[in-house]
Protein chains: 2
Amino acid sequence: MELTARKKEILKVVTERYIDAAEPVSSKYIAQAMGGSVSSATIRNELADLVEMGYLEQPHTSAGRIPSPKGYRLYVNELMERRKVSDQEAAEINSALQGKMQELDSVIAQAGQMVSSIVNYPAYAVAAGKSSVTVRRYDLLPVDTMSFIAVVMTDDSRVKSQLLRTELPVASEQLPALANLLNTHFTGIHTEELGTKLMALAPQLGAELFMPLSQTIEYATAVIDNSERSHVFTTGQSQIFRQPEFQDLSKADGLMSILTDQKSQLPVLDENTPMQILIGPENVSEALKDASVVVASYDIGDNMRGLIGVVGPTRMDYATVAARLSYFAESLTKMFGKNNQLPPKEDDIP
Amino acid sequence: MELTARKKEILKVVTERYIDAAEPVSSKYIAQAMGGSVSSATIRNELADLVEMGYLEQPHTSAGRIPSPKGYRLYVNELMERRKVSDQEAAEINSALQGKMQELDSVIAQAGQMVSSIVNYPAYAVAAGKSSVTVRRYDLLPVDTMSFIAVVMTDDSRVKSQLLRTELPVASEQLPALANLLNTHFTGIHTEELGTKLMALAPQLGAELFMPLSQTIEYATAVIDNSERSHVFTTGQSQIFRQPEFQDLSKADGLMSILTDQKSQLPVLDENTPMQILIGPENVSEALKDASVVVASYDIGDNMRGLIGVVGPTRMDYATVAARLSYFAESLTKMFGKNNQLPPKEDDIP
DNA sequence: TTTAGCACTCCTTTCCCTCGAGTGCTAAAC
DNA sequence: GTTTAGCACTCGAGGGAAAGGAGTGCTAAA
């Protein structure tokens, strides 16, 4: 059977109406929405065809129609108007971005939160990019004889610092030498090696130097391990309760647990794809078979990428979410391209 | 009417049973729980008295009894066994604390998360203490001619750093002088003054010095304003759905919004009170009239205090929550007293 | 190919009934 | 005076049965 233009138009009407009203769409409504040029009986014939072809479903014999995953897919691919965000939406997104991103460290988590509030669905955020982070540079700042500040800069451009207490006094004059030692031997290498290298150096050092060195390495290890890339941040979980399909706690349970306990099951995005929409059963994870996910990526530069995803019912408002999410991702990319470019790769520090 | 010992015992049985089972308690159950020394008819007489005195309520004529807020209050004040945490509980709490607190900066938020998982109710965390934070010290580290790292140490012992880009080249030799300038003129003063002081100094400086100075001050302002004290962190919101009284989404709505949107309405603790229990209508906030809150505080030292609260139904397990929360708060206080003492107040840095 | 007409389906809402846990009260026992 | 057995009564929960209605599927005519 052929998918005529009229069938497509009907599918579009059904999908958009169902997205809006969350209840099966009747032939009468469709006839009206199409301007009354055909009768509801004609629509019913077409609807029967569309069900047979697998684009629509009927909850029960005497009910209206709702889109099947296949129907949503066709809608997203062909029928949906790929609209741009309106000026007002753009203004809202920009004002949300305004001044929120001072802390480069927390970009990932922040982005997730903002997206959730922008699209009114739960969202998640994760870093994609370099698989392993190393320390690019150490600095040690004197505080007093029993403590100093360790500053660790990673090659994904995070700068972290912490006050460390020593057990033996350390003269502040020794700190530059220590920092030099660290920068010579402990940059650009992976976590595991940090420990072995430290052990290798141990015999050459007195306790008063070894201790702070070891503390700094320990801190650096924590910084690397705690890197945002390993975390999946989720926010706006409560938004799913606003969706009629998840009013029932038991229905929402699966989604809820994937958004809290099993975050790692949330889909990621293939490289070089700016945005992807996963509809219902297209999702790999069992808990997402009744949900849809829209994922987009943005560049933080220096081969760092951030990923943001939106989770909602299959009945999700794809047009709006896609428009807002891609605008948001583009804005972020632009933002980092302009003001926050990455530091140069080579260190030209003395 | 007098509150006899037997009435108190009955009240205790009713409260604990209701906390456990979440359904009205019958006279028959009480008679059994009290060892069968009296009949259920006797209990019924007593129950009628307790209702009249306002300690118990009856959902409807032919139902069992549940505690009223007044009943919970008496229970908490007089009847509840103020138990210590068991060895096993203590072990669990300690292992949760173990190694989690590296980042002094995020103590507050971490504490909230841990408490929520320890007590299985939603929790919130906020800082209480010094009303205004100032910068104690600045450091500027060279990266390249167009960027440097600003390290800001506040007098509540947070150390924050960020990479800043300059528009004009800055020779790395100038950074120590700049840092010196900052440490001389811009430490120990409030946010508003930072700006005015910067303006006052502007004429004496060339653009190549003024720009990075101004950027650093801007960053310092952000660090101060973004101080955790202004934030209320909430976690474990989904725990409230585990409570039968909040199965209904409409019931949970009020609590949910206070735990997400209107966090500032969550109660804080009077100074010098180690722990406080607020039952139902004792809460000021309307949305908490049907809920109870247990708040405790812990010391981070140097007149910094942290606050953690637990939110649950009035039917909350006060004995367990109170025991675990106070043990947790004490552990935190001890932890900071021992290992993480604050840096000295006077800076003895060159 | 379209459409009016109409029987049919099945969900939703409402009402009523039953069942049972639990009470309140009375009168007798302690 | 206090306790208790006995019993009628109350009220919510659960389970059909019935009514109502939106919407369909099919047939036959336009």
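Both backbone and side-chain heavy atoms feed into the values below; hydrogens, waters and symmetry mates do not. The structure displayed is predicted, hence computed values, not measured ones. The sequence lines fix the lettering, A, B, ..., with proteins before strands; numbering per chain opens at 1.
For the segment residues 2-9 of chain B, residues with any heavy atom less than 4.0 angstrom from an atom of DNA chain D are, sorted by number, R6(B). At a non-hydrogen distance threshold of 4.0 Å, Q58(A), T61(A), S62(A), A63(A) from residues 51-63 of chain A come into contact with DNA chain D. Taking a 4.0 Å limit (strictly below) on heavy-atom distances, residues 13-24 of chain A does not reach DNA chain D anywhere.
Look at CD1 on I43(A): it is 13 Å from P on dA4(C), rounded to the nearest Å. Look at CG on L47(B): it is 15 Å from C1' on dC25(C), rounded to the nearest Å. Taking atom CG on D49(B) and atom P on dT3(D), their separation rounds to 11 Å, with Å as the unit. One interatomic measurement links the two molecules: CE of M1(A) to P of dT1(C), which rounds to 12 Å at whole-angstrom precision. For the pair K28(B) NZ and dA5(D) C1', the computed distance is 15 Å after rounding to whole Å. Rounded to whole Å, atom C1' of dG22(C) lies 15 Å from atom CD1 of I66(B). Regarding N45(B), its CG atom lies at a distance of 10 Å from the P atom of dC25(C), rounded to whole Å. Computed from coordinates, the I30(B) CD1 to dT3(D) P distance equals 15 Å when rounded to whole Å.
Residue R65(B) places no side-chain N or O under 4.0 Å from the OP1 or OP2 atom of dG22(C). OP1 or OP2 of dT24(D) has not a single side-chain nitrogen or oxygen of S26(A) nearer than 4.0 Å. Close to dC6(C), at under 4.0 Å from its OP1 or OP2, lies no side-chain N or O of R44(A).
For the atom pair K28(A) NZ and I43(A) CD1, the distance stands at 14.0 Å (nearest 0.5 Å). Put simply, CD1 on I118(B) and OH on Y327(B) are 10.0 Å apart, with the number rounded to the nearest 0.5 Å. A distance of 12.0 Å separates CD of E282(B) from CG of L288(B), quoted to the nearest 0.5 Å.
Considering T260(A), V311(A), V126(A), L266(A) in turn, L266(A) is the only one that fulfils the side chain to side chain contact (heavy atoms under 4.5 Å, CB included) rule with T234(A).
Among the heavy atoms of the strands, none lies under 4.0 Å from S40(B).
In the displayed structure, R242(A) atom CZ is contacted under 6.0 Å by at most 12 heavy atoms of other residues, nucleotides or ligands.
Between the side chain of N283(A) and the backbone N or O of G280(A) there is at least one donor-acceptor pair closer than 3.5 Å. Y72(B) places no side-chain N or O within 3.5 Å of a backbone atom of T15(B) that could act as its donor or acceptor partner.
Ring centroid separation for the pair Y75(A) and Y55(A) does not come in under the 6.0 Å cut-off.
Judged purely by distance below 3.5 Å, without hydrogens or angles, the side chains of Y124(B) and S116(B) never pair a donor atom with an acceptor atom.
Closest approach of P313(B) and Y318(B) over heavy atoms only: O-OH, 4.4 Å. The two residues K84(B) and E89(B) have their closest heavy-atom pair at O-OE1, 4.4 Å. The shortest non-hydrogen separation linking E57(A) to P67(A) is OE1-O, 4.4 Å.
For I308(A), the side-chain contact (heavy atoms from CB on, under 4.5 Å) criterion is met by A111(A), V115(A), A125(A), Y298(A), L325(A), F328(A), not counting sequence neighbours. In this view, E81(A) and K12(A) satisfy the salt bridge (Lys or Arg N to Asp or Glu O under 4.0 Å) rule, not counting sequence neighbours.
Taken together, the paired segments of DNA chain D that extend over three or more consecutive Watson-Crick or G-U pairs, each closer than 3.5 Å at both contacts, are C:1-30 with D:1-30.
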